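To keep things clear, I will list the structure first and then write my remarks on it.
Chain letters run A, B, ... following the sequence lines, proteins first and then strands; every chain starts at 1. Computed from a predicted structure; not experimentally measured.
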Protein chains: 2
Amino acid sequence: MPSGHMKETIKSVAIDLFFKKGYFATSISDLARGSGIQKASIYYHYASKEELLFHILENTMDDLTACLKTNLENVAGVEERMRAAVRSHVRFHLERQKENFIANSELRGLTSEHYQDIVKKRDRYERIFQELIREGSDAGVFAPGDVKILSYAILTLCTAGATWFKPSGRLTIDEIALIYENFIINGLKMGTIDSDASNLKNGRTVPLENKKYNVK
Amino acid sequence: MPSGHMKETIKSVAIDLFFKKGYFATSISDLARGSGIQKASIYYHYASKEELLFHILENTMDDLTACLKTNLENVAGVEERMRAAVRSHVRFHLERQKENFIANSELRGLTSEHYQDIVKKRDRYERIFQELIREGSDAGVFAPGDVKILSYAILTLCTAGATWFKPSGRLTIDEIALIYENFIINGLKMGTIDSDASNLKNGRTVPLENKKYNVK
DNA sequence: ACCTTTCTACCGACCGGTCGTTAGATGCAC
DNA sequence: GTGCATCTAACGACCGGTCGGTAGAAAGGT
């Protein structure tokens, strides 16, 4: 089971357990047990539990961005580039599901400095998509729309796959990637996306927090 | 700030803190401090921390479903019904952002019995959307596609709003709801959604977990 | 009206247990 | 014997939860 370096073993055990039980619910003892060492020995490799988490998240974010950049190399045309970007994003999230799940659910375990590091990396990644949307919109290929909201939509859509995807499931990663790719390109292309909310005709349709449900 | 009953005060303090710091990071002492009582007094109103969490989640899920059902009453036509459903979903998640965020991130805090209760409620809710997609697809209004994947896509897309939405932000809830509504209807309507993955032409484009990045 | 009992809502003190972390000794490869 | 990797042992902090008790309002009998 151990793959040479104990530091890597600990890391991969951590990825497993953080994914399965969550960061806070996973104790150093759990990590030690899973790695086959005593819990004090963890501290020879990592300064703290939080540093271990940060290490995982940082690696994931760096690989995610590197992956996207590589997959965009030599791809021409804004639609094809967006397709490639979505494909890259979906595949990365499904192939490395556990790490991505952690990256999206355990940010609160970080110190504020580390948190900001990760958010900065995430923002840089998002900006690549936003730039693509803007390009496509300028070129008339995509409908004009709110770039930020659309980028969030695209990314969270694909990211969500990491929460429900089962490698043993009905569909392969490539099939899922294609479904998303088409869904998104479709949503972006047509001209019906606008922010004209003038035709909204409604009062409150949602119950307030902690209030009993009442409509109209 | 306290609204009559202490039980309600505790609940709303819990919603605030679970949203801000997370369920595990919020201690009973935190809840007591926020509610202005001693921590032992919390147990007069709730049997345990977990029961309090369950109480919040159960309420939220029940209201979510009730809200959808009401908003679908007297709406005819499958496209209009889907639009109404998306609108209901987005609005509920943005208006009651904190509770919904908790409901999507703190399920792991539940006992397995309570967890299954909530998942059952969530599945019932999802099935309403899946039924809508199937109807629309049968009627030829929506393109045929994988019903489950599409329903996940729709729901997670809208749900994600609860993670980044700022009430003081640029766009109103209704504007965001409209953007999503159009994006989704668009994605569903066109005929390009299929699972024909026969034209996939690629090797590995994603680095493996814990492996250095390498393409092709 | 009076006294007694019950119930509600809370408090202060405390428990066993687990947590992340540290200090210092030990084995082992070179 | 030098240094790396791991060990045993322990630390203080804090956790969720329990306990016995209590002030005060309400209920009930006479």
Side-chain angles (χ1 to χ4, degrees), chain A residues 1-57 102 105-115 210, chain B residues 1-57 102 105-115 210:
Chain A
M1 199 97 8
S3 65
H5 248 17
M6 181 52 57
K7 185 164 182 173
E8 286 301 312
T9 302
I10 296 169
K11 182 172 157 188
S12 91
V13 168
I15 290 173
D16 263 22
L17 293 184
F18 289 171
F19 175 70
K20 207 180 300 176
K21 320 190 346 172
Y23 173 73
F24 287 108
T26 301
S27 67
I28 299 284
S29 311
D30 292 334
L31 297 176
R33 200 173 310 120
S35 306
I37 54 174
Q38 293 299 313
K39 70 176 184 171
S41 307
I42 302 272
Y43 289 88
Y44 177 78
H45 302 282
Y46 296 96
S48 69
K49 189 184 174 189
E50 189 270 344
E51 201 203 73
L52 173 54
L53 175 64
F54 177 65
H55 196 72
I56 293 171
L57 297 194
I102 297 166
S105 59
E106 302 292 8
L107 288 180
R108 271 200 289 229
L110 297 171
T111 62
S112 62
E113 294 80 25
H114 282 163
Y115 176 83
N210 281 340
Chain B
M1 200 83 20
S3 65
H5 254 16
M6 182 50 56
K7 186 165 183 174
E8 286 302 311
T9 301
I10 295 170
K11 184 172 156 189
S12 92
V13 167
I15 291 174
D16 264 22
L17 293 185
F18 291 171
F19 175 71
K20 207 180 300 175
K21 320 192 343 173
Y23 172 72
F24 288 108
T26 302
S27 69
I28 299 284
S29 310
D30 290 335
L31 297 177
R33 201 173 309 117
S35 306
I37 55 174
Q38 293 300 312
K39 75 173 186 169
S41 306
I42 301 274
Y43 289 89
Y44 177 78
H45 300 282
Y46 296 96
S48 69
K49 191 185 173 188
E50 189 268 346
E51 203 203 72
L52 172 54
L53 175 63
F54 176 66
H55 196 74
I56 293 172
L57 299 193
I102 297 167
S105 59
E106 303 292 8
L107 286 181
R108 272 200 286 230
L110 296 172
T111 62
S112 61
E113 293 81 26
H114 282 164
Y115 175 82
N210 282 339

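- Nearest-nucleotide assignment on DNA chain C puts the 5′-proximal partner with A:Asp30, out of A:Asp30 and A:Ala47.
- Contacts with DNA chain D (heavy atom under 4.0 Å) in residues 31-43 of chain B: B:Lys39, B:Ala40, B:Tyr43, listed by number.
- In this structure, B:Glu106 pairs ionically with A:Arg108, as a charged nitrogen and a carboxylate oxygen lie closer than 4.0 Å.
- Here the CG-CD1 distance, from A:Leu17 to A:Ile10, works out to 12.0 Å after rounding to the nearest 0.5 Å.
- Between B:Ser29 and B:Lys39, the shortest heavy-atom distance links the atoms OG-CD, 3.7 Å.
- When rounded to the nearest whole Å, the span between CD1 of A:Ile28 and P of C:dC19 equals 10 Å.
- Under 4.0 angstrom from either OP1 or OP2 of C:dC19 there lies at least one side-chain N or O belonging to A:Ser27.
- Of the inter-residue distances, the one linking B:His114 atom NE2 with B:Leu53 atom CG reads 10.0 Å to the nearest 0.5 angstrom.
- A:Leu52 places its CG atom 10 Å from the P atom of C:dT21, with the value rounded to the nearest Å.
- Residue B:His45 places at least one side-chain N or O under 4.0 Å from the OP1 or OP2 atom of C:dC10.
- The phosphate of D:dA5 (OP1 or OP2) has a side-chain N or O of A:Tyr44 nearer than 4.0 angstrom.
- At least one donor-acceptor pair closer than 3.5 Å links the side chain of B:Tyr23 to the backbone N or O of B:Glu50.
- A cation-pi contact, defined as under 6.0 Å to the ring centre and within 45° of the axis, is absent between B:Lys11 and B:Tyr46.
- The distance from atom OH of A:Tyr46 to atom C1' of C:dG20 is 17 Å, rounded to the nearest whole Å.
- Between the NZ atom of B:Lys7 and the C1' atom of C:dT8 there is a distance of 14 Å, rounded to whole Å.
- If you take CE of A:Met6 and C1' of D:dC4, they are 14 Å apart, rounded to a whole angstrom.
- What separates CD of A:Glu50 from C1' of C:dC19 is a distance of 16 Å, to the nearest Å.
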